[in-house]
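Encoded as structure tokens, the structure appears first; notes follow it.
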Amino acid sequence: MKFKSLTMAAAIAASGLAGLATAPSAFAQAKEQFFPVLVYRTGAYAPNGIPFANGYVDYLKLVNAQGGINGVKVSFEECETGYATDKGVECYERLKGKGATVFQPLSTGITFALTEKAPGDKIPLITAGYGRSESTDGNVFKWNFPLTGTYWDAADILLQHVGKKEGSLDKLKGKKITLVYHDSPYGKEPIPLLQERSKMHGFDLQLIPVTHPGVEQKAAWLQIRQNRPDYVFLWGWGVMNSTALKEAVATGFPRDKMYGVWWAGAEPDVKDVGDGAKGYNALALQHGAEPNSKIVKDVLAQVHGKGQGTGPKDEVGQVLYMRGLSAAMLAVEGVRRAQERYGKGKVMTGEQARWGYENLALDQKKLDALGFAGVMRPISTSCADHRGATWARVHTWDGAKWNFSSDWYQSDDSIIKPMIKAAADKYAAEKKLTRRTPEDCQS
Amino acid sequence: MLYRENGQFKTSYRADQAVFPIAQDRLAIGLILAFAIVVVPLVAPEYLFRAILIPFLILSLAALGLNILVGYCGQISLGTGAFMAVGAYAAYNFQVRIEGMPLIVSLLMGGVCATAVGVLFGIPSLRIKGLYLAVATLAAQFFTDWAFLRIKWFTNDSSSGSVSVADLKVLGLPIDTPVQKYLFCLSFLIVFGVLAKNLVRGHIGREWMAIRDMDVAAAVIGIRPVYAKLTAFAVSSFIVGVAGALWGFVHLGSWEPAAFNIDRSFQLLFMVIIGGLGSIMGSFFGAAFIVVLPIVLDNMPYWFGIPIDTALASHLTFMIFGALIVFFLIVEPHGLARLWSIGKEKLRLWPFPH
């Protein structure tokens, strides 16, 4: 390389670095409520990450189209994590300096990393339907909000459902249940609950991990074929779900004996398998696919109708799109709630928004007004309970669409509460934290 | 002009053996260190620390460790992520199981455990070399991935397999703010950098290089291959282990085995190759290239206010990054460090080249 081009390269590199150093300050802090959006539109999990991100962003656009949060405009910026923890941490650092209201990492691994950082930065974390189960305990996890349910709830509800199918939970004695899980914190979260329940009811629990990204499951399904479990629970995400269904077809495992968690029950998971997935069940995190709900009509009219929609129009209302939409709704409603205390029409800081998430009171009337009638059940949080609701249903794929196939279930708090308490205490002891006092709850 | 050496005469062996024999080099290094220690903490914003500088420092340290093994001793290793993981989990266990364990001691003990594992997996290097060895070190990667996912004891019975540390303190001083973390990592890097530089200049480094260049000839002139290879594995895994512990403790705070998966091993190997095999300086260049460049590319559209789809931006980053790697390797197969030394050579003659 010539000296001239060398100096040129050095100059370019230096200017790049200088830009990096000044970048965050270059953004003026406008009078807008800023929502960072961690997404993954690339990588192994993109097929499931994209609809979620589209729904999330579309809802924020809808809020603006409807005049903002009590007049406060919403702004947002996406950051691509690729489902990788270190990329997620980088995104968090990049976006938090811009006045972030709340982070929703959409990855249990990133949630774990950010749980350590959020208290220091005073930014709340919403992990709607994922994250650490013990963070339900708001007295220890002040900044985490696993709204609408955790994996322990999910596992519990699945067991209740199969128990009901068998007649009662006690009939599970001697049955074989296999958990096929993504070998990461996400997939491992339900294990303690399942083990607890297996001790109680005497069913035989087998654990089969599947490594990232989940396309190699031949060995796992060979084991299932050998072992002939009565039920298979699937804790997968992305391509792992459709692979599992294809393997089930190949090994002849009946799909109606397969139950996915709510991240394993959306259109991208079953579309490729088509008819083969017929009869496959999955949990619905309150909502399923809701193409006829009012909120979907609003989005189609006020966002997509004006040519500002994100992603394809015909995916609006699908399961993961709705998940993103309702996650964004929770984020926005927390801010609206916080404004009731700290001043309507003002931009809330992360700390103020946190109070909003801790005191969410979304009753049926509010949900109806938002257009979420029939999509979600009321949800209310408190200092001690950062989860708010534990309702879920099961839906079944009929070859063309998801249909609800069960009644509402609620997880059994008599089992989960002590587990949460024990796990949260263990965390607090490791971190040398003390439980929050009643006064702190008011802050 | 900048590097004119007129008047710099070496009159003693001591002067001849100095780490930086040229006055300008000493000055430059001094200035860089002063800049890194004094100026950067004063001016840099938090984002720069947390997202770029701290990962850069820690991965430079890991690249430095790997460079000793691959660059100086010629033993190709694909198990760097594994040794980082051993360092991180061992340090974690020392920290949580022994009450009042000082942070630095547990980090160093993490390095010691990584050394033990490194030497163990280095034993095959006595019989096999080159690509075969690379495949053998892969075993280390898969083994540690398996062990830290499956053996509950290592993660202190964490149900999710993810561990976390908090409350980092050194001699009563908290390691909490980005500046403190940065300085903490920087001091490790400086100490290990100086140690590594001196090791590779000394007799042991010469043995490593002799083994790398031709092991049979090295054995003939009296170098014991067993000793040379295993010491290279030991020193390398020690540094890599400490880097892994820092990555877990200081950068992530909470981690799972995926933080040290095979991608990390490849990333570090690329750093060493692009930065320059067998060059301490190259480790830093390589780390900078691999850590900083993708983030710069990722951010480019925002700086210039170009509205661009997130997915497209991320794909573009991959493409440009890949193209740049190919470009640099074609233009200078010996890595960025070689470019640096060419630059220095030219500066010695500038402005009157021959």
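Throughout, a chain's letter reflects where its sequence line sits, starting with A, and its residues are numbered from 1. Keep in mind the model is a prediction, meaning the values are calculated, not measured.
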Practice task
Could you verify whether a donor N or O on one side chain and an acceptor N or O on the other, from Ser164(B) and Lys431(A), lie under 3.5 Å apart?
Solution key: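 A donor-acceptor contact under 3.5 Å links the two side chains.
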Practice task
Establish, from distance only, whether the side-chain atoms of Glu256(B) and Tyr186(A) form a donor-acceptor pair under 3.5 Å.
Solution key: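 There is no such pair between these side chains.
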Shorter than 4.5 Å, heavy atoms on both sides: which option in [options] has the most such pairs with chain B?
options: Asp86(A), Ile191(A), Val89(A); value: Asp86(A)
options: Glu90(A), Lys87(A), His212(A), Arg41(A); value: Glu90(A)
options: Leu433(A), Thr310(A), Asp183(A); value: Asp183(A)

Per-residue contact mode, [X] against chain A (heavy atom under 4.5 angstrom):
X: Arg150(B); value: side chain
X: Asn156(B); value: both
X: Val43(B); value: neither

Handout entry: Check ion pair Arg94(A)-Asp298(B) (N to O, under 4.0 angstrom)
Key =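 Salt bridge present between Arg94(A) and Asp298(B).
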Exercise for the section: Indicate yes or no: does Lys96(A) engage Glu46(B) in a salt bridge with an N to O separation below 4.0 Å. Expected result: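 Answer for the salt bridge query: yes.
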Problem - Within 6.0 angstrom of Gln308(A) CD, more than 12 heavy atoms from elsewhere - result: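 It does: Gln308(A) CD has more than 12 such atoms within range.
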Practice task
Mind listing the closest non-hydrogen atom pair of Pro185(A) and Ser162(B) along with its distance?
Solution key: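 Taking Pro185(A) first and Ser162(B) second, the nearest heavy atoms are CG-CB, 4.1 Å.
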Exercise for the section: Might you point out which heavy atoms bring Lys117(A) and Leu252(B) nearest each other, and give the distance in Å? Expected result: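 It is CE-O, 4.2 Å.
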Problem - Spatial distance of atom SG (Cys79(A)) from atom CG (Asn299(B)) [nearest 0.5 Å] - result: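 Cys79(A) SG to Asn299(B) CG: 8.0 Å, rounded to 0.5 Å.
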Problem - Rounded distance (nearest 0.5 Å) linking atom CH2 of Trp146(B) with atom OG1 of Thr211(A) - result: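 One finds 15.0 Å between CH2 of Trp146(B) and OG1 of Thr211(A).
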Side chain / backbone / both / neither for [X] at chain B, heavy atoms under 4.5 Å:
X: Glu78(A); value: both
X: Ser184(A); value: both
X: Glu116(A); value: side chain

Exercise for the section: Using a 4.5 Å cut-off on heavy atoms from C-beta on, say whether the side chain of Leu149(B) contacts that of Lys188(A). Expected result: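 Side-chain contact under 4.5 Å: yes.
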